[in-house]
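Below is one structure, written out as structure tokens, with a few remarks after it.
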Protein chains: 2
Amino acid sequence: MRPPLVPKEDVLNELTKVFRESGLEGATLTRISRATGLGKASLYHHFPGGKQEMALAVVKRSNLQLQEKVIGPLQGDGEPTARIRQMMRNLDKYYGSGKESCLLGVLTVTGSRGLFHEHIKVGFATWIKSLASVLVEAGLPKKLATTRAENAIFSIEGALVVCRGLGNVASFRRLLRELSADLLREVEDPI
Amino acid sequence: MRPPLVPKEDVLNELTKVFRESGLEGATLTRISRATGLGKASLYHHFPGGKQEMALAVVKRSNLQLQEKVIGPLQGDGEPTARIRQMMRNLDKYYGSGKESCLLGVLTVTGSRGLFHEHIKVGFATWIKSLASVLVEAGLPKKLATTRAENAIFSIEGALVVCRGLGNVASFRRLLRELSADLLREVEDPI
DNA sequence: GTCTATACACCGATAGAC
DNA sequence: GTCTATCGGTGTATAGAC
């Protein structure tokens, strides 16, 4: 059998939107039904485990996309500076230039503790680790690379929250630009 | 009349805990009732507007506390460096060294848009503005001061989310320490 | 001011026809 | 695979006794 996966992919896209905008408790089956165009019973046909299974599927796919679109570019073979810039461009696109929120962040705040915790943990951790690896490769000492990578993820995630709170999305793109330049500062310095 | 405000203050403390931990939609009247020890009907005696009024009261008080405990120290008359360090100490305490979350951040993510938006906006904005003022006072050009202040708040808010997601709270205190040192870097440099 | 009891809407989830 | 109809449970909110 060769599977028609495409329609399910569309459903997951809409599910992701709803969970990102509304959080776990705010994402009611009624809203999900409206967003997907599927009745509640149809949703249970695709996800017998109900809302929990829907959220889990969305989180797993989100981590795959993080791997593809954000971490992947970091592990290419170009210059470290270029790879980091590429990651920032992809982030800008993925987060709608600051207008969209981060699923992992939203579920960290609204998710019933324990259900998705492991996936959230893995997602954030591998992201930080991959960024730190690039910084090490570029010549930074490991400890400094790790803290810089952590701080970068902190500020990106925080910017998504605060910019939304402020209704000012411009600062998100400014942050991405600055990070592109600052993450490797004092590395090219000769002797 | 001289008001016995104290018991209401206790109720607000418990309300704040519940909203910080559960978000707006997760904070059910049942949980609030358990946390405060008051029956639902009693809650409506104190807050006739229901859950919305409770959340609004909590947000307003949160902004007052932000003013007292975080922004206040910034406007003292000591050295800028010392004032910033004091703010970081108070933040560390207020956020339980990273174990607690930020009410403004949580409501930004879970709050039905528009209800608290103005209060959230004002809270974040005055915080950033006050921090930037100190940096200007310390000698930084205004534009640089503003972006540094924004970035600091971004990373603090993001750290509260990501550290919770990672289950690793140590990085939050590390961040506060680094910010204390880095916010004013290259300022004391003579000529 | 606090309680018990209750109203009514909406939630997640299922049954069963098509 | 999708639908309508419906279930039991829980959500917010009120009534009214004490």
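Order of the sequence lines fixes the chain letters, A, B, ..., with proteins taken first and strands second; residue numbering starts at 1 for each chain. Everything numeric in this text was worked out from a predicted model, so none of it was measured.
- For the residue pair A:E9 / A:N13, no side-chain donor-acceptor distance below 3.5 Å is found, with atom types taken as modelled.
- With values rounded to the nearest 0.5 angstrom, A:R173 atom CZ is found 7.5 Å from A:R177 atom CZ.
- Distance A:E53 CD to C:dT14 P: 12 Å, rounded to the nearest Å.
- Distance, B:E25 CD to C:dC11 P: 10 Å, rounded to whole Å.
- In this entry the distance linking NZ of A:K51 with P of C:dA13 reads 8 Å, nearest Å.
- Between A:L24 and A:A41, the residue anchored nearer the 5' end of DNA chain C, judged by the nucleotide with its closest heavy atom, is A:L24.
- If you take CD1 of A:I32 and P of C:dC11, they are 11 Å apart, rounded to a whole angstrom.
- Residue order along DNA chain C, read from the 5' end via each residue's closest nucleotide, puts B:H45 first among B:H45 and A:P48.
- Rounded to an integer number of Å, the gap from B:L29 CG to C:dT6 P is 19 Å.
- Note: B:K60 NZ to B:N63 CG = 10.5 Å, rounded to the nearest 0.5 Å.
- Of the listed nucleotides (C:dT2, D:dT4, C:dA13), C:dA13 has the atom at the smallest distance from the side chain of A:K40.
- Rounded to whole angstrom, the span from the NE2 atom of B:H46 across to the C1' atom of C:dC3 amounts to 12 Å.
- Backbone-only contact: A:T28 has heavy atoms under 4.0 Å from sugar-phosphate atoms and none from a base.
- One finds no side-chain N or O of B:S42 lying less than 4.0 angstrom from the OP1 or OP2 phosphate oxygen of C:dG1.
- Phosphate proximity of C:dC11 to A:T30: present, with a side-chain N or O under 4.0 Å from OP1 or OP2.
- Residues B:Q86 and B:R83 bring no donor and acceptor atom of their side chains to less than 3.5 Å of each other.
- Contact annotation: B:Y44 does not reach the phosphate of D:dT14 (side-chain N/O to OP1 or OP2, under 4.0 Å).
- Note on B:E21 versus B:R31: no salt bridge recorded, every NZ/NE/NH1/NH2 to OD/OE distance being 4.0 Å or above.
- Put simply, CE on A:M54 is 10 Å from C1' on C:dA13, counting in whole angstrom units.
- In this entry the distance linking CD of A:Q52 with P of C:dA13 reads 8 Å, nearest Å.
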